[in-house]
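Presented below is the structure to which this report refers.
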Protein chains: 4
Amino acid sequence: MEIAKHTTKRDQQAEERRGQLIDVALELFSEKGWENTSIKDLAEAGGVAPGLFYHYFENKEDLLLAVFERHGFKAELEKVVFPAYERPASEVLLEVARAYFKLLDRKHRLVRIFVREAMTNPNLEERWIEQCNDTVNLLARYLAARVAAGELRPHNTQMSARMLTHPIVMLHLTGGSADELESLVQCLMEGINN
Amino acid sequence: MEIAKHTTKRDQQAEERRGQLIDVALELFSEKGWENTSIKDLAEAGGVAPGLFYHYFENKEDLLLAVFERHGFKAELEKVVFPAYERPASEVLLEVARAYFKLLDRKHRLVRIFVREAMTNPNLEERWIEQCNDTVNLLARYLAARVAAGELRPHNTQMSARMLTHPIVMLHLTGGSADELESLVQCLMEGINN
Amino acid sequence: MEIAKHTTKRDQQAEERRGQLIDVALELFSEKGWENTSIKDLAEAGGVAPGLFYHYFENKEDLLLAVFERHGFKAELEKVVFPAYERPASEVLLEVARAYFKLLDRKHRLVRIFVREAMTNPNLEERWIEQCNDTVNLLARYLAARVAAGELRPHNTQMSARMLTHPIVMLHLTGGSADELESLVQCLMEGINN
Amino acid sequence: MEIAKHTTKRDQQAEERRGQLIDVALELFSEKGWENTSIKDLAEAGGVAPGLFYHYFENKEDLLLAVFERHGFKAELEKVVFPAYERPASEVLLEVARAYFKLLDRKHRLVRIFVREAMTNPNLEERWIEQCNDTVNLLARYLAARVAAGELRPHNTQMSARMLTHPIVMLHLTGGSADELESLVQCLMEGINN
DNA sequence: GATGAATGAGCCTTCATTCAT
DNA sequence: AATGAATGAAGGCTCATTCAT
C-alpha cells in the first residue's frame, strides 16, 4: 500500500532518459560546439523527438548547464591530491601537474566549450570560476599542509596554488606540451632569485 | 607598370572608411559579442548600408580578425618592459604585473570575445596563441637579461615568464583582484621551498 | 437493462471533477485568453496531469464550449426583467440597461474571449448569436407586454429591444461609460423626431 | 544633379512592394484568419522569400496593423453622409443604415478579423474603438446639423448615432438581415413611447 | 480514473550574404 | 563606392494530443 515509493520504476526510467539526453548532448557539443548543435541534431542523435528535450530541460542553455553539472573536474583531482597529503611537495606537485594536464587533455573539447560559453554566459561564468577556485583551493590546502609539515616555507599558498594550476590551464589552451611541467614545478619550488 | 604608385587620395579615403568600420565593430562586438552583433547592427551604427561591409571585408569573420589585427597588446606592454631592461626584477616584475592586469581590465570585453572565439575559430586561436606567446617572450627576454646581469639565477625564463603572465590572465578572467599581484611576484622570486 | 440507474456516487465525483476543471479553465481563459492557455497550464493550475483533460473533454475547443455552456447571461438577466413585467418601461428600461452593462463588466474578460472565438469558430458563433438573441427576445417580450398594457405604442419590439441591448454591448466593448445609459433610454423612449 | 529626389524609382518600387505584401496579407488573413496564416503562407502567396516581410514590417502583428491602416471604413461612409447634410434625416438615415450594412457585408471577413484581434490586442483595440467612434461621430455631426435645421428635436446626437450604428454592427455580426433596417430607423425617429 | 513521458509538426524570426541599380 | 531590397536556410521553442502504465 505504499503510494509514494521513493523512486518508482517510472521515475527511474525518466532519470535514465535524462542522463541519456545529457550524454548525447555532451557528445555533440564536444564535436560541434554548443551553438552549432541544434535541438534537432540532438534529437536525431538521441533517437527521440525534439520536443522531448523540453520535457527534461528548460532551455538549450539549461541543457548545457546540466552537462557541466555532471562533469566537474574536482572529483578526479581529489583522487590524486588527497592520498598525497603525507608525501613531500617536491614529488607530489609534478604528479599533480601531470595529472591535471592529462585531465584537461582528456576533456579537451568540453573544456573549450566551457571556457567559450563562460565568456558570455553569466551562469556558466560563475561555474567556471567556481571550478577554477575549487582546483586552486584543493591544492592550496595541500600546500598549507606541507607548510605545516615544515617542508615548505610559510607563504600565501592560495597564490602558489594558482601559480601551478593557472599556467597549466593556459598551457593546455595555447597548445603547450606536458614536457614543460618539470620546469614549472622547479621554478615554483626554488623561485628565480639568485 | 606601377599599378600602385603611391597612396592616392582615394586609397586614403578607403583606408579611413575601413578603419572607421573596424572601430564601429570594435564598439559593438565589445558590447554585445561577435555572434550577437549583426551586419545590420554594424551598418546602422556606422551610418552605412549593410552591403558596404562586403566591399571592405570578406565576411563577418574577416571583420573580427581585422578588429584584433589592430588591437594587439604587445605594443603597450613593450612600452613598460623595454625601458626597464637595466632595472632589477624585484622592482620591475610587480610593475609589469600591474600594468598587464590593468591593460586586461581596460580591454575587458574585447579580451572575452577574443578568448571566446579562439576556442572555436582556428584562425583566431592561432592569433590568441601568438598573442600569449608574444607576451611571454617579451618578458622572458627581459628575465634572461636579468639572469645575464647576475640578478636572477639561471633558469628556464620562458617558464618563469609564463608563471607571471598566465596567472594574471586567469586572475583577470576569474574575477581576481590586483591586490594579489604582490604575492604572485614574491612567490615567483623566492619560490616556496624551505 | 438499466445501464444508467440513477446517479451513482462515482458519477457524482466525475461530474464534480469535470466541473472543477471547467472552473480552472474559466479562470485561466479569462486571464490569458483561450489560445494562450495551454493544456499544461490548465493541468498545473488544476493540480492534475495534462492527460486527464482528455477523459473529460474531447479537445481544447470542447473545453471552451463547456465553459460557455455554464456561463450564459440569460438567467441573470431574467432575474431583472421577469419581476418587472407589471412596471412601466420608463422605469424598467434604465434598470435593465444598467444591470446588463454591469453584468458585462463583471464578466468582462470572458465576454471578450467569447466574442473573439465566435468570430472564428462556427460552434461558438452559433452560441453567441443565440445568447444575443436570447437577450433581445427576453426584452422584446417585456416590451410587447408593455405595448399590450398600453404604455408603449405598437411597434417592432424585437428591434427596439436590439436598440437597447446592442448599443450596450458595443458601449461595453469600446470602453464607453455607464453614465451614457440614461440618454440611451431616453432616446429610445422619445425618438429623435421633432 | 538632384541627389535627393523626393521619391526615387527605387523608393517607389519599395512602396509598391509593401503595398503588394499588404494586399496578399489582406487576402490570406481574410480567408484563414490572422493566427492561422503563417509568414511562409504569405511568402508563398506573394511569390517572395519569407524574410522579406521583415524588411517591410516589424512583426506579424505589425503587418496586421498595416492591413487595417489601409482599410478604414470612414472614407467610404463619408461619401454617403457628407452629400446628405441638407437632406432630411427621415430619408438619409435609412440610406446610411443600408450603406453601412452593405459596407460591413462587403468587408465581412476583414471585419471579423478586426473584431477578433481587437479583443486581445491592445493596439488593435484602440484602432477598433477609434473606428467605431469615427463612424458614430460622423453621423452625430450630421444629426446635430439636422437638429440645427429644426428637423430633429434637440437631444444627445452622439447617443442617437450609436443607436443607429451599433445595432447595425451587431446585426451584421449576429447574422441579421438588411430588411430590419427600416424598423430600426423608424424606431429611432419616433421612439417607442405612446 | 489518473499519470506524464513522448510525439512531431509547425511557427516566428534572424541573418549573413548577394546583386541590380 | 554605395545602397538596400531580396534571399532562404536554419533555429529554438510550443503545444495539442496520444498511450503505455
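Quick caveat: nothing in here was measured; it's all calculated off a predicted structure.
Using modelled atom types, one side-chain atom of A:Trp34 and one backbone atom of A:Lys60 make a donor-acceptor pair closer than 3.5 Å. With hydrogens and angles disregarded, a donor-acceptor distance shorter than 3.5 Å links the side chain of C:Arg112 to the backbone of C:Leu173.
The interatomic distance linking A:Glu16 (CD) with E:dA5 (P) rounds to 14 Å, in whole Å. D:Phe53 places its CZ atom 14 Å from the C1' atom of F:dG8, with the value rounded to the nearest Å. With rounding to whole Å, D:Glu44 atom CD is found 18 Å from F:dA6 atom P. Between the P atom of F:dA1 and the CG atom of B:Leu21 lies a distance of 12 Å, rounded to the nearest Å. In this entry the distance linking NZ of C:Lys60 with P of F:dT14 reads 14 Å, nearest Å. Rounded to whole Å, atom C1' of F:dC15 lies 12 Å from atom NZ of C:Lys32. Taking atom CD of B:Glu61 as the reference point, atom C1' of E:dA16 lies 13 Å away to the nearest angstrom. Across the protein-nucleic acid pair, B:Leu64 atom CG and E:dA16 atom P stand 12 Å apart, rounded to whole Å.
Of the residues near DNA chain F, B:Gly47 and C:Asn36, the one whose nearest nucleotide (by heavy atom distance) lies more toward the 5' end is B:Gly47. With DNA chain E read from its 5' end, the first of the two nearest nucleotides for C:Pro50 and B:Thr37 is the one closest to C:Pro50. Remark on DNA chain E: of its neighbouring residues C:Ala14 and A:Gln13, the 5'-side contact belongs to C:Ala14, judged by nearest-heavy-atom nucleotide. If A:Glu35 and D:Ala49 are placed on DNA chain F by their nearest nucleotide, the residue sitting closer to the 5' end is D:Ala49.
When D:Leu65, D:Leu64, D:Asn123 are each tested for a side-chain contact (heavy atoms from CB on, under 4.5 Å) with D:Glu117, only one passes: D:Leu64.
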_Can you give me the dot-bracket string for DNA chain F, 5' to 3', counting Watson-Crick and G-U wobble pairs with both distances under 3.5 Å, using [ ] for crossing pairs and | for partners on another strand?_
.||||||||||||||||||||

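At a threshold of 4.0 Å, the pair D:Arg18-D:Glu69 does not count as salt-bridged, since none of the basic side-chain nitrogens sits closer than that to a carboxylate oxygen.
Distances shorter than 4.0 Å separate none of the side-chain N or O atoms of B:Lys40 from OP1 or OP2 on E:dC15. Within the 4.0 Å cut-off from OP1 or OP2 of F:dA2, at least one side-chain nitrogen or oxygen of B:Tyr56 is found. In this model, the phosphate group of E:dA5 is approached by a side-chain N or O of A:His55 to a distance below 4.0 Å at OP1 or OP2. OP1 or OP2 of E:dT13 lies within a sub-4.0 Å distance of a side-chain N or O belonging to D:Tyr54. Checking the phosphate oxygens (OP1, OP2) of E:dC12, no side-chain nitrogen or oxygen of D:Asn59 falls inside 4.0 Å.
By the 6.0 Å contact criterion, CD on D:Gln20 is enclosed, its count of non-hydrogen atoms from other residues, nucleotides or ligands being greater than 12.
Judged as a ring-ring contact (aromatic ring centres under 6.0 Å, His included), and not counting sequence neighbours, the contacts of D:Phe68 are D:Phe114.
When heavy atoms are screened at a 4.0 angstrom cut-off, D:Leu52 is found touching base atoms of the nucleic acid.
Heavy atoms only, all atoms of each residue included: B:Ala66 and B:Phe57 are closest at CB-CE2, 3.8 Å.
Residues A:Gln13 and A:Arg10 bring no donor and acceptor atom of their side chains to less than 3.5 Å of each other.
Considering only side-chain atoms of A:Arg10, the nucleotide from E:dA5, E:dT17, F:dT7 that sits closest is E:dA5. If you check E:dT13, E:dT17, E:dT7 against the side chain of A:Val48, the one that comes closest is E:dT7.
Between the side chain of C:Arg17 and the base of E:dG1, no donor-acceptor pair of N or O atoms lies under 3.5 Å.
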